[in-house]
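Structure, as structure tokens:
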Number of protein chains: 2
Amino acid sequence: MKDCTLYKMMDIIGKRWTLCILLELHKGDKYQKQFNELKAMLGDITPKMLSTRLKELEAHGLVEKELDSSAIPVKSFYSLSESGQEFIEIIKEIKGWGLKWKFDNPLCSVSDCRYCGVAKATDN
Amino acid sequence: MKDCTLYKMMDIIGKRWTLCILLELHKGDKYQKQFNELKAMLGDITPKMLSTRLKELEAHGLVEKELDSSAIPVKSFYSLSESGQEFIEIIKEIKGWGLKWKFDNPLCSVSDCRYCGVAKATDN
DNA sequence: CAGGATCCAAAAGGATACTG
DNA sequence: CAGTATCCTTTTGGATCCTG
């Protein structure tokens, strides 16, 4: 059972902040975002946690990191990979399910939700 | 951010075994399953863990429990609720994503996968 | 700007044994 | 059959401070 695909998927996506980070990377018009930018958007996440999650996501191929070594200090840019982009669809459905069955969240029910960045799965 | 629908969803579905339990309830032809039956299917799950997860899922409305008090000893039957049934679709997509991008799991790639009970999302 | 290091508190989960 | 209870280990995550 522990070699079940589904079980293993939870090691990738089942950790705190992970889905929110992916969604944050999806938000807005810029396809790349910097560390402190993400940190600010995520509010009360610690740098340690954000760093840990970004490394996991990069290792699993959902997130790509680009470095601008010419800048001083060095700048890093994070973006969704192709697989990460595709996973956003699932995230939307999870959110859609939550809005339908569990949470009456007005902020999430409008398309410009500043927390989640996507509306119900069917709207987007 | 912590009142984000997505963030809160992880408290419901992001715990170990949760998705596998839901999938187990979905498997097969019987729509109800007993505690020890589930336990056997899930292999190395402890009764404590299964009990905890089932209670959480019941509290969140994804799982329904029925008692046969006339039986001695009393028997309990678990099944997916309507919302739980609907969540199976998302589970299939998570699994489909995993098979496409991460894991080459032959057991999961065939429709009668004895571990997961469903094939790729598009097949089922 | 982009983290790393350290320390600590809390939670989660496994092992095992037991019960009505 | 359907769980509880207890104990104990491991993991996780938050706080805080530091650095090139």
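Chain letters run A, B, ... following the sequence lines, proteins first, then strands; residues in each count from 1.
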Worksheet item: Does NZ belonging to A:Lys102 count more than 12 external heavy atoms closer than 6.0 Å?
Response: yes
Discussion item. In whole Å, I'd like the distance from the CG atom of A:Leu67 to the P atom of C:dG3.
Written reply: 8 Å
Practice prompt. Establish whether B:Tyr78 and B:Met41 are linked, either directly or via other cluster members, by ILVMFWY side-chain heavy-atom contacts under 4.5 Å.
Written response: no
Discussion item. Can you tell whether the side chains of B:Arg53 and B:Glu56 come within less than 4.0 Å, N to carboxylate O?
Written reply: yes
Worksheet, complete the sentence: To the nearest angstrom, the CG-P distance between A:Asn36 and C:dA2 comes to 5 Å
Worksheet item: Sub-3.5 Å donor-acceptor pair from the side chain of A:Arg16 to the main-chain atoms of B:Gly14, do we have one?
Response: no
Worksheet item: For the pair made of CH2 in A:Trp17 and C1' in D:dT11, what is the distance, rounded to whole Å?
Response: 19 Å
Practice prompt. Give the ring-plane orientation class for B:Phe87 versus A:Trp97, where under 30° counts as parallel, over 60° as perpendicular and anything between as tilted.
Written response: perpendicular
Worksheet item: Of all the choices, D:dC1, D:dG13, C:dG13, which nucleotide is nearest to the side chain of B:Arg53 once you look at every atom?
Response: C:dG13
Worksheet item: Any side-chain N or O of B:Ser76 less than 4.0 Å from the OP1 or OP2 oxygen of D:dG3?
Response: yes
Worksheet item: Between B:Lys15 (NZ) and D:dT12 (C1'), how many Å, whole number?
Response: 13 Å
Worksheet, complete the sentence: Between CD1 of B:Ile45 and C1' of C:dG13 the distance, given in whole Å, is 11 Å
Item to complete: Evaluate the side chain to side chain contact (heavy atoms under 4.5 Å, CB included) criterion for residues A:Ile12 and A:Leu62: first the C-alpha distance (whole Å), next the side-chain angles of each, then the deciding distance (0.1 Å), finally the verdict.
Response: CA-CA 10 Å; A:Ile12 303 181; A:Leu62 286 105; 3.8 Å; yes
Discussion item. Would you say A:Arg16 places a side-chain N or O within less than 4.0 Å of OP1 or OP2 belonging to C:dA11?
Written reply: no
Response to the item:
Of the listed C:dA2, D:dT4, D:dA2, the closest approach to the B:Ser51 side chain comes from D:dT4
Worksheet item: So, is B:Gln34 near the phosphate of D:dA2, with a side-chain N or O under 4.0 Å from OP1 or OP2?
Response: yes
Worksheet entry | Plane angle bin for A:Trp17 and B:Tyr7 - parallel if under 30°, tilted between 30 and 60°, otherwise perpendicular | perpendicular
Discussion item. What is the distance, to the nearest angstrom, from the CD1 atom on B:Ile21 to the P atom on C:dG13?
Written reply: 11 Å
Discussion item. Each nucleotide in nucleotides 15-20 of chain C should get exactly one letter: B, S or -. Can you fill that in based on protein heavy atoms under 4.0 Å?
Written reply: B----B
Worksheet entry | Whole angstrom value for the distance that separates C1' of D:dT12 from CE of B:Met10 | 14 Å
Worksheet item: What is the distance, rounded to the nearest whole Å, between atom CG of A:Leu54 and atom C1' of C:dC1?
Response: 14 Å
Worksheet entry | Phosphate-side-chain proximity, A:Lys55 and C:dG4, N/O vs OP1/OP2 below 4.0 Å | yes
Item to complete: Determine: side-chain N/O of B:Tyr78 to OP1/OP2 of D:dC1, distance under 4.0 Å, yes or no.
Response: no
